[in-house]
Protein chains: 2
Amino acid sequence: MERFAIRGQICYSESQKKIRTMERGYVVCEDGKSAGVFETLPEAWSGIPCYDYGDRLIIPGLIDLHVHAPQYPFRGLGMDQELIDWLNTHTFPEEEKYGDLAYAQKAYAIFLDDLLHSATTRACVFGTCHKDATLWLMEQMEAEGLAGYVGKVNMDRNSPAELCEESPEASAEATESWILASAGLSNVRPILTPRFIPTCSDELMERLSALQKQYDLPVQSHLSENLSEIDWVRQLQPEASCYGDAYRMHGLFGGSCPTIMAHCVYSGEEEIRMMKEQGVFIAHCPESNTNLASGIAPVRKYMELGMQMGLGTDVAAGSSLSMFRAMAMAVQCSKLRWRLVDQSQAPLTATEVFYLATKGGGAFFGKAGSLEEGYEFDAVVIDDRKIRHARPVSVRERLERLIYLDGDASVDAKYIKGKQVI
Amino acid sequence: MERFAIRGQICYSESQKKIRTMERGYVVCEDGKSAGVFETLPEAWSGIPCYDYGDRLIIPGLIDLHVHAPQYPFRGLGMDQELIDWLNTHTFPEEEKYGDLAYAQKAYAIFLDDLLHSATTRACVFGTCHKDATLWLMEQMEAEGLAGYVGKVNMDRNSPAELCEESPEASAEATESWILASAGLSNVRPILTPRFIPTCSDELMERLSALQKQYDLPVQSHLSENLSEIDWVRQLQPEASCYGDAYRMHGLFGGSCPTIMAHCVYSGEEEIRMMKEQGVFIAHCPESNTNLASGIAPVRKYMELGMQMGLGTDVAAGSSLSMFRAMAMAVQCSKLRWRLVDQSQAPLTATEVFYLATKGGGAFFGKAGSLEEGYEFDAVVIDDRKIRHARPVSVRERLERLIYLDGDASVDAKYIKGKQVI
């Protein structure tokens, strides 16, 4: 059994309402899992290696529930359009390039290096429809020690010629071949990724559903992000009672099929009820929803309903891989929603968004997103010395300011499943 | 006559609708002012020193029209309240400490060092009501080569005992003594700073008005930021036709008194008309207005009306001194306002917010905020090599992504009035 401890200024989420801090505490790792957080190291473990990070902050690795790796090359650019136009102008032309494996490798290497040096330990990643590029992304991500799910995207209608897969069969065959080719990976696993309803025919969805059952895979997609998109889905799938129902009809909406749906800005009562019943995870992507002028999701309502939920950066509709920025934007958007839309829904607090970015999204991975006993040992050591204050700041305050000022901090060390990756 | 040139990837705002870029261009400095931007150095100047920054970006120094220096120690903290509660809980207790010059020096040194290393070259700064601390801030700011206006704050009512000046006379006397003491400074000049109407009696405003005329000083304050604040002003000054009128009645609202008013989130038609007639500058502070859940100012409307306007970080209601972040938030808030409030007012573009952050706010300083001939030679050299893309990016795109990703860039060199300060 491999055991070690790390020591520092510890901070993690106990619940949506409570952040726990411990000054100069220890987190013990036993075979890749946390054996607990301690003020003094229990005597039984007094001999184990201990890596002391002094005054550095130690937090759980952050969980990015929604990010598009191939869009990283145009992050921060082309922010003057709404969803559908933005897809056609910026996204699809870039994603086409990933048919060229050499380009994909060059682009994904930058994405992965930046992800590695961010505070994110686990991510749910969209690739492109290209099997080889997506497989390379997964292998390289695993090689770097990162964890998460990566999806080869499916799209067989309403897509530019270069990205539109030839037929439902061809799309499903490529998908199965990609699933089989990724069988040797352990920390980075495949996730079925129909892009969204407008680009996936019923037949394709049926085939994906069969693959889901056969290989027992999770699913990720997009839901109720933008008003034009929702209208379009209504026209394409008039038999569905709501956008979510268009996934549910094919068995790709929670239940025995673990599912993440990004956005849910405009989910109605029926869709919300379905998501809750089926345990569908919501990836709240506030920066993306702002940059594409989609709107602001009713996150307070989702929290009150006890929905499964985490945060996503949604690069490149979100500009940055920083999950701290996603947290800041989640608080900020909730304040504007409170002010401009509905004063019955209180703004989110720093405590709540830290929960969403750790335990909230981490639940999709089983026990991830905390330093508490039994959780995967995913920890990030943060150097925030560049953020100087004239007065003493508590560990709790140092976390809070990171949410707003993470550009001035850096990740010193990172552990995933007990393995140090940087 | 002192002449030199700097060379690099040049980018500046020609107008609200146009950014001009020049690859490997030259900006020539003559006695502290720009002598123009050139593709090749004119023969007459072929012998002048030229500092070549290679592939680095060169942009005009950014202009922060509204920032509270004494609030810097709690930036990024205490973001869960609205304006009046936030003032009482976080702001006033911190500002009280600046009666102790030693604390002020310690805190202001951090503020100034971070400001120096930011892309901001000129700022309009609030101090506290403490004369000595404010004077030290100004002297130190000037010593570091920074430019701008700094105000000793006035407040003689509705303020905590420690900050409430004894009487209008005492406040005015301290203000005059501070004005005289700062007479030796050249790049950092005094600006009259009544905190806002709720904390300033009529008699104090009259005395400030007399000082304004006597010493020909500009004025900065807050206007129509928050609904409760506006109600309060209405109760305190029932004779004023609007909040802005409460300044105007005392001659402290534009015209012969150059004036910056921060926020203007809820300015009505009459207030807007007064501001326009009197040439009052609006300091739009989108992050602050979001963090304090104040609302979103109608910036598109102000632009269409041709109002004088720039951006402010409003630290510490804004978390960061980064004017790039202020630009990003200005675009983002305008998109949410478009979506949630008024679809007749188009969102702001990157081009427009860059204008606001440079020429827009720079106009308060005469000719500042551009690299064009005749402007003060304020230039910032930016190293953005950490932002890696898999495809070529133009100079224009590099500027645009900085707005969203400035945390990954750094300032390599900075010139103010032709003097290199870092």
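To find a chain, count down the sequence lines: A is the first, B the second, and so on, and within it residues start at 1. Values below: every heavy atom of this structure, side chains too, minus hydrogens, waters and symmetry copies.
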**Fill in**
Note: vs chain B, highest number of non-hydrogen pairs under 4.5 angstrom among Ala390(A), Gly295(A), Pro347(A) is Ala390(A)
**Complete:** Applying a strict 4.5 Å limit to non-hydrogen atoms, the region of Met79(A) in contact with chain B is both
**Request:** Of all the heavy-atom pairs spanning Leu336(B) and Cys333(A), show the shortest one and how long it is.
**Result:** CD1-SG, 4.2 Å
Note each donor-acceptor pair with a separation under 3.5 Å, taking one atom from chain A and one from chain B.
| residue | atom | partner | partner atom | Å |
| --- | --- | --- | --- | --- |
| Pro73(A) | O | His389(B) | ND1 | 2.6 |
| Arg75(A) | NH1 | Arg388(B) | O | 3.2 |
| Arg75(A) | NH2 | Arg388(B) | O | 3.1 |
| Gly78(A) | N | Glu400(B) | OE2 | 3.0 |
| Met79(A) | O | Lys335(B) | NZ | 2.3 |
| Glu82(A) | OE1 | Arg339(B) | NH2 | 2.6 |
| Lys106(A) | NZ | Ala390(B) | O | 3.3 |
| Asp113(A) | OD2 | Arg388(B) | NH1 | 3.3 |
| Asp113(A) | OD2 | Arg388(B) | NH2 | 3.1 |
| Asp114(A) | OD1 | Arg388(B) | NH2 | 2.6 |
| Glu287(A) | OE2 | Gln332(B) | NE2 | 3.4 |
| Asn291(A) | O | Lys335(B) | NZ | 2.8 |
| Asn291(A) | OD1 | Gln332(B) | NE2 | 2.9 |
| Ala293(A) | O | Arg339(B) | NE | 2.9 |
| Ala293(A) | O | Arg339(B) | NH2 | 3.2 |
| Ser294(A) | O | Arg339(B) | NE | 3.3 |
| Arg325(A) | NH1 | Tyr404(B) | O | 2.7 |
| Arg325(A) | NH2 | Tyr404(B) | O | 3.3 |
| Gln332(A) | NE2 | Glu287(B) | OE2 | 3.4 |
| Gln332(A) | NE2 | Asn291(B) | OD1 | 2.9 |
| Lys335(A) | NZ | Met79(B) | O | 2.3 |
| Lys335(A) | NZ | Asn291(B) | O | 2.7 |
| Arg339(A) | NE | Ala293(B) | O | 2.9 |
| Arg339(A) | NE | Ser294(B) | O | 3.3 |
| Arg339(A) | NH2 | Glu82(B) | OE1 | 2.7 |
| Arg339(A) | NH2 | Ala293(B) | O | 3.3 |
| Arg388(A) | O | Arg75(B) | NH1 | 3.2 |
| Arg388(A) | O | Arg75(B) | NH2 | 3.1 |
| Arg388(A) | NH1 | Asp113(B) | OD2 | 3.4 |
| Arg388(A) | NH2 | Asp113(B) | OD2 | 3.1 |
| Arg388(A) | NH2 | Asp114(B) | OD1 | 2.6 |
| His389(A) | ND1 | Pro73(B) | O | 2.6 |
| Ala390(A) | O | Lys106(B) | NZ | 3.3 |
| Glu400(A) | OE2 | Gly78(B) | N | 3.0 |
| Tyr404(A) | O | Arg325(B) | NH1 | 2.6 |
| Tyr404(A) | O | Arg325(B) | NH2 | 3.3 |

**Prompt:** Considering only heavy atoms, which portion of Ala328(B) lies under 4.5 Å from any heavy atom of chain A: side chain, backbone, both, or neither?
**Reply:** side chain
**Pick from Gly407(A), Gly78(A), Ala293(A) with the largest number of heavy-atom pairs that fall under 4.5 Å of chain B** = Ala293(A)
**Message:** If you count heavy-atom pairs within less than 4.5 Å of chain B, which of Ile387(A), Leu292(A), Val331(A) leads?
**Reply:** Ile387(A)
